[in-house]
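Index from 1, following the sequence.
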Amino acid sequence: MAYMKDSAGRRLDDFVAARDLPKVVMNLDASVITGANNSSITAWPDSSGLGHYVHQLVAVKQCTLKTNAQGGRNTVAFGASSYMERPDYGTGLGDTGNYAQPNTYFLVAKFNTASNGSNRSLWSGSSSGTSRNNVWLDGTTQQGYLYANGAWPDGGKPLDDGQWHIITAVFGTTHGAFYVDGYLVSTQGTQAQGAEALGTFVLGATGTGTLPVNGAEFAEFIHCNAAVPPDQILATTKALADKWGIPITAPKAQVAPQYVSTLDSGAINIRTWFPPNPKAAGNTLVIWCHQHTGTEALSASFFAYPLIHAAVNEGYIFAASRMHGDSWGNANALTDLTNLYNYVNTMWPVSNVILIGGSMGGLATALAKPYASVPNLKGCIGIDAVFDLAAMHANPSYTTTIRTAYGVAGDGSDYASKTAGHDPMLRPASDFGTVRWRFYASDTDALVPPAAHSDAFAAKIASTAPEAVVVRHVEGHLTPPGIRPADVIAFIKRCIA
């Protein structure tokens, strides 16, 4: 069979970074490195056409070649002190050398469990001695995050799982974004590099050779001096996964979610995010139940925004209600859930509902099941979620707001009667059966400790629910490490299967 080829003789159906991505200024493809297995590498050729190879001349700092390591191709292994560098980045063949933001980076890599709790630098760039365009693995969470003269939020699952991943980092002129296997896992509305250009580039460490990536293998690294759009990020992720034989389940699409803000039938503020083409029937609706002091107005900088992004790109409708403010799962909150469902269902008929409760929102999420607040409820998710109302009432920080929500007397004398039926831990486990449950909780969460909430509630309903699993994260209450878009989408798919 004859294949169409480009002017360089490369098949058009093959992924070629320099041809298929905008403004590629470096493409390190391990499959072009020659040598014996476990041999030391002095230089890694650049396939961009600009001659930006990286090197390491010091023997004790050299990486090693792994032949036929992944998908029948070579990879590069990084040890305890190995890294590669290009101190004069931007002085290649015929380029201007002015690699200011925007920049987009792709990395195909796998990471083994860290040997210590230090941050690990995947790559770093510097300008005038200041760190720019760095991506690290957090030493505590082992989740990736961007660093541009300041740390940006980390997010997604821990990456030190020994599995291959495709990582994308976007350093825009006004924003930053981090993707893992095609899923947006964190975003930031600020930037720090500005018009300064990269000068020194280091792969597998920082500019001084510290914070080595130790225990990693890299297959391919691509640097685009442009903000690659989301749909092209997804296409590139899929192409790299196919090229390197990496089994991933990527999002269906990459669109920028847009919302509509309005009032429900009870004059409560609501916000909805629709996919480009909702179904005429059979839609899946994902509802966010907000935390204490939260609202329905979730912005792109909100810690759980990647869940909105993932849901919409899977074709689901996402929605949130103000729920009478700090309602703590009271009757008003449950009515607001009903009204929000009705608003969406009138326009786009819904067959499946998934509820996600953050902190205080865990109460409304749980109570919607026994009170039948929404039809077609298939699954519930708690993120650092409250399930023991009495425990929160006993906390002086929340006593007054809970009493206000339920109209409890100032001295609390009628607390039991006013809150009857609204404490999930006091209801029978059978009230919460038939739907699936998933919880994300941290042992360092002092506000809503899982022992009293997620762990206790999961244990309570384990015998009646088809699924009730607690997933641990490590950075306290309502932080980006507790947001796992790919895991949430996989859970939703099990719920609606």
Without swapping roles, check the side chain of [X] against the backbone of [Y] for a donor-acceptor pair under 3.5 Å.
X	Y	result
T338	L334	yes
D326	H292	no
D336	H324	yes
R427	G421	yes
Q232	D20	yes
E314	A253	no
N112	G162	no
K378	V353	no

List the atom of [X], the atom of [Y], and the distance in Å for their closest heavy-atom pair.
X	Y	value
T444	S442	OG1-OG, 2.7 Å
T237	D181	CG2-C, 3.7 Å
H165	L159	CD2-CD2, 3.9 Å
G266	N339	N-ND2, 4.0 Å

Checklist entry - Does the ring-ring contact (aromatic ring centres under 6.0 Å, His included) test come out yes or no for F457 and F432, once each step is laid out? => result CA-CA 10 Å; F457 188 64; F432 307 100; 5.0 Å; yes
Checklist entry - Can we call the ring centroids of F318 and Y259 under 6.0 Å apart? => result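 For F318 and Y259, the ring centres are not under 6.0 Å apart.
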Item to check | F221/F201 aromatic ring centres below 6.0 Å | outcome: yes
Would you call [X] and [Y] a salt bridge, taking side-chain N to carboxylate O under 4.0 Å as the test?
X	Y	answer
R472	D445	no
K238	D242	no
K157	D487	no

Pairing donors with acceptors under 3.5 angstrom, does anything connect the side chains of [X] and [Y]?
X	Y	result
N103	H223	yes
E467	W437	no
N119	Y145	yes

Checklist entry - Which is it for N27 and S48 under the side chain to side chain donor-acceptor pair (under 3.5 Å) test, yes or no, and what are the steps along the way? => result CA-CA 5 Å; N27 179 200; S48 74; over 6 Å; no
ring-ring contact (aromatic ring centres under 6.0 Å, His included) partners of [X], counting only residues at least two apart:
X	answer
H453	none
Y305	none
H422	Y371, Y406

Checklist entry - Can you name the residues that form a side chain to side chain contact (heavy atoms under 4.5 Å, CB included) with T399, not counting sequence neighbours? => result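 H393, R403.
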Checklist outcome for this item: Residues pairing under salt bridge (Lys or Arg N to Asp or Glu O under 4.0 Å) where one sits in residues 258-279, two or more places apart or in two chains, turn out to be none
Checklist entry - Does K110 have any salt bridge (charged side-chain N to carboxylate O under 4.0 Å, His left out) partners at least two apart in sequence or in another chain, and if so, which? => result E217
